[in-house]
Amino acid sequence: MTLEIDRITKSFDGDAAVLNEVSLTVKDGEFLALLGPSGSGKTTLLNLIAGLTKPDGGTLRLDGDDITTRPAGARRFGMVFQSYALFRHMTVADNIGFGLRVLKGKDRPTKPARRARVAELLDLIEMPDLGDRYPAQLSGGQQQRVAMARALAISPRLLLLDEPFSALDAQVRRNLRGSVRDLQQKVGVTAILVTHDQAEAFEIADRVAVMNGGIIEQVGTPADLAERPSSDFVRDFIGAA
């Protein structure tokens, strides 16, 4: 799925623009990182893509289809939050299958099909024997993988990741980056990651969009950004990453 972001603007309560005519194309099957300091607008942009916030102006198109005003529930996007937002009273298997159970009409799989999909995803995240456990019985890294599996269960048109490693310690973060990248490639879904961690963005993403003050300063591969920064901000922010 190709996502086109065309001159998106957003401000809150009459304040200065959080996003100022941001334009960006996310290619089909790409893993793109939105990288920037706090207040750069990256999380607001992700929420606009998800349909959790409405833009003041501009257009969002998915494979040429205008989705700017489409409700979040109708976009069929998967999202992994910073807190993972797992349902504590549900088992791992029930958490993963939740999105499948709430699909409407012909999109909702049969019960045997849902069980098979959950088992497939448990294998994919290398937790085949942990479906009966509850989130409180899992490590932080395991909870993160369950949140990924839940987001992927509905075969999302787009996968959105809002700083999914921020609650983990440094070693676990490093170990999981590769796992998330492998999952994205196996499934073949287009993915967007929000992060403030330069090393994380460089390791996991095909391309990185560096944001600052509500605009995109530069978009390119990690090598492009490191070797050919387009501004002093990009050069200083990328630093030693």
Side-chain angles (χ1 to χ4, degrees), residues 1-12 15-69 75 77 79-82 157-166 177 180-181 184 189-241:
M1 291 287 175
T2 299
L3 177 71
E4 297 174 79
I5 301 165
D6 186 13
R7 293 175 294 177
I8 287 290
T9 61
K10 181 65 181 179
S11 60
F12 294 100
D15 291 338
V18 178
L19 296 172
N20 189 6
E21 294 197 349
V22 170
S23 295
L24 176 67
T25 297
V26 186
K27 303 171 186 176
D28 184 35
E30 178 177 45
F31 203 126
L32 180 122
L34 299 175
L35 173 67
S38 297
S40 60
K42 57 189 187 296
T43 297
T44 299
L45 181 57
L46 193 77
N47 287 336
L48 285 166
I49 294 168
L52 302 177
T53 305
K54 293 181 180 180
D56 297 328
T59 307
L60 292 171
R61 289 184 293 269
L62 192 67
D63 280 351
D65 184 19
D66 189 340
I67 63 167
T68 310
T69 60
R75 299 189 184 196
F77 292 170
M79 190 158 186
V80 179
F81 298 93
Q82 294 181 39
R157 304 169 76 194
L158 195 66
L159 179 63
L160 307 176
L161 307 167
D162 184 12
E163 303 215 35
F165 310 111
S166 61
R177 288 173 193 162
V180 168
R181 175 63 172 169
Q184 181 263 342
V189 65
T190 306
I192 302 174
L193 166 75
V194 161
T195 182
H196 63 273
D197 186 321
Q198 297 93 324
E200 185 172 283
F202 274 34
E203 182 176 338
I204 203 170
D206 297 305
R207 288 191 306 150
V208 178
V210 180
M211 299 190 66
N212 177 40
I215 65 169
I216 294 177
E217 292 266 352
Q218 186 175 356
V219 184
T221 66
D224 288 337
L225 298 176
E227 296 168 10
R228 292 174 292 277
S230 64
S231 68
D232 290 340
F233 173 82
V234 173
R235 181 181 296 106
D236 293 342
F237 188 72
I238 294 303

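Side chains included, hydrogens not; waters and symmetry mates left out as well; all remaining heavy atoms used.
Side-chain atoms of Lys42 and Glu163, non-hydrogen and from C-beta on, do get closer than 4.5 Å to each other. Residues Leu225 and Phe202 have side chains in contact (heavy-atom distance under 4.5 Å, counting atoms from C-beta outward). Counting heavy atoms from C-beta outward, Val26 and Thr190 have side chains that approach closer than 4.5 Å. Leu35 is listed as a side-chain neighbour of Ile238, based on a closest heavy-atom distance under 4.5 Å. A 4.5 Å side-chain heavy-atom check between Arg75 and Leu158 finds every atom pair outside the cut-off. By the 4.5 Å heavy-atom criterion applied to side chains, Val180 and Leu193 are not counted as neighbours. For the pair Ile5 and Ser23, the minimum side-chain heavy-atom distance is 4.5 Å or more.
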Walk me through it: do Ile192 and Leu3 pass the test side chain to side chain contact (heavy atoms under 4.5 Å, CB included)? CA-CA 10 Å; Ile192 302 174; Leu3 177 71; 3.9 Å; yes
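Side chains of Asp66 and Thr68: a donor on one and an acceptor on the other come within 3.5 Å.
Side chain of Gln198 to main chain of Phe237: a donor-acceptor pair is present (N/O by atom type, distance under 3.5 Å, no hydrogens or angles).
Within 6.0 Å of CZ on Arg228 lie more than 12 heavy atoms contributed by other residues, nucleotides or ligands.
Rounding to the nearest 0.5 angstrom, the gap separating the CZ atom in Phe12 from the OG1 atom in Thr44 is 4.5 Å.
Partners of Ala50 by side-chain contact (heavy atoms from CB on, under 4.5 Å), not counting sequence neighbours, listed by chain and number: Leu52, Met79, Leu160.
Checked for salt-bridge contact, Asp206 and Arg181 meet the test: a charged N lies under 4.0 Å from a carboxylate O.
Taking all atoms of both residues into account, the shortest heavy-atom contact from Pro164 to Val80 is CB-CG1, 4.0 Å.
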